[in-house]
Amino acid sequence: MKRMMTVMFVALVAALTGCKGGEDSVALLKSHEWQLKSLTTDGIVVANPAERPVLAFSDSTKMAGSAGCNRFFGSYTITEKGDITLVPGGITLMTCPDIEFEDKYMKALAEVKTYTVSKEELILKDAEGKVMIVYMVAPAKSEE
């Protein structure tokens, strides 16, 4: 009986820790610039462009990044449940070799509903819980 109680307690602690969102996850979200690892649209992984997109979240509700070639900005909101809404605002309009990819990427950002984040990875999901966009921490920029 005592062993069963211990197992249940450990399981409860693990479940609560795994579900933890709130301030810790928001701080992690804002602590890095995120570089695209993969984009999935309509169940198909889209080939990454030569210049990988990046995304950064400010301490307020602003976001900014690169879709590969064009830069963009917008806003975001996060709920206590871990829901996130990304609202792309403006984007530069340069003629880019990967413009088709950029269109898919920007549309995917607008469809994001939830996120999970760790020190190494940011995962953005749609309303059905399907993984759409996965980021890794962007490498540090070297000073030239």
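Excluded from the calculations below are hydrogen atoms, water molecules and symmetry mates; all remaining heavy atoms, backbone and side chain alike, are included.
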Could you tell me which non-hydrogen atom of Leu109 sits nearest to which non-hydrogen atom of Pro88, and how far apart they are?
CB-CG, 4.2 Å
Assess whether side chain to side chain contact (heavy atoms under 4.5 Å, CB included) is satisfied between Ile84 and Lys113, documenting all intermediate values.
CA-CA 5 Å; Ile84 188 168; Lys113 298 298 178 204; over 6 Å; no
hydrophobic_cluster_shared for Met136 and Ile133, side chain cutoff 4.5 Å
no
With a sphere of 6.0 Å drawn around NZ of Lys130, does it hold more than 12 non-hydrogen atoms of other residues, nucleotides or ligands?
no
Any donor-acceptor N/O pair, Thr92 side chain to Arg71 backbone, under 3.5 Å
yes
Would you say that Gln35 contacts Pro139 through its side chain, given a criterion of any heavy-atom pair below 4.5 Å between the two side chains?
yes
Hey, are the side chains of Tyr115 and Leu86 touching, using non-hydrogen atoms and a 4.5 Å cut-off?
no
Asp126 side, atom CG; Thr114 side, atom OG1 - distance, nearest 0.5 Å:
7.5 Å
Are Val26 and Leu124 linked, directly or through intermediate hydrophobic residues, by side-chain heavy-atom contacts shorter than 4.5 Å (ILVMFWY only)?
yes
Let's go through Leu122 and Leu29 carefully: what are the C-alpha distance in whole Å and the side-chain angles of both, what is the deciding distance for side chain to side chain contact (heavy atoms under 4.5 Å, CB included) to 0.1 Å, and is it a yes or a no?
CA-CA 7 Å; Leu122 169 61; Leu29 185 73; 3.5 Å; yes
Strictly distance-based, threshold 3.5 Å: is any side-chain N or O of Trp34 a donor or acceptor partner for the main-chain N or O of Val134?
no
For Val117 and Ser25, the nearest pair of non-hydrogen atoms, with its separation, is CG1-O, 3.4 Å
Less than 4.5 Å apart, any side-chain heavy atom of Met106 and any of Phe72?
yes
Throw together a table of side-chain donor-acceptor distances under 3.5 angstrom for residues 42-52, partners on residues two or more places apart or in other chains.
unit_1: Asn48; atom_1: ND2; unit_2: Lys37; atom_2: O; d: 3.0
unit_1: Arg52; atom_1: NH1; unit_2: Leu36; atom_2: O; d: 3.1

Return all side-chain donor-acceptor pairs below 3.5 angstrom for residues 94-105, not counting sequence neighbours, or 'none' if the list is empty.
unit_1: Glu102; atom_1: OE1; unit_2: Asn70; atom_2: ND2; d: 2.9
unit_1: Glu102; atom_1: OE2; unit_2: Cys69; atom_2: N; d: 2.6
unit_1: Glu102; atom_1: OE2; unit_2: Asn70; atom_2: N; d: 3.2
unit_1: Tyr105; atom_1: OH; unit_2: Tyr135; atom_2: OH; d: 2.6

So do Leu55 and Glu33 actually touch side chain to side chain, heavy atoms under 4.5 Å?
no
Take Leu28 and Lys119, measure what side chain to side chain contact (heavy atoms under 4.5 Å, CB included) needs, and give me the verdict at the end.
CA-CA 7 Å; Leu28 274 174; Lys119 291 179 183 177; 4.0 Å; yes
Starting from the C-alpha separation in whole Å, work towards a yes-or-no answer on side chain to side chain contact (heavy atoms under 4.5 Å, CB included) for Met132 and Thr41.
CA-CA 6 Å; Met132 297 180 66; Thr41 61; 5.7 Å; no
Taking Ile123 as the starting point, is it possible to reach Leu39 by hopping between hydrophobic residues whose side chains are less than 4.5 Å apart?
no
List the atom of Tyr76, the atom of Lys62, and the distance in Å for their closest heavy-atom pair.
CE2-O, 3.1 Å
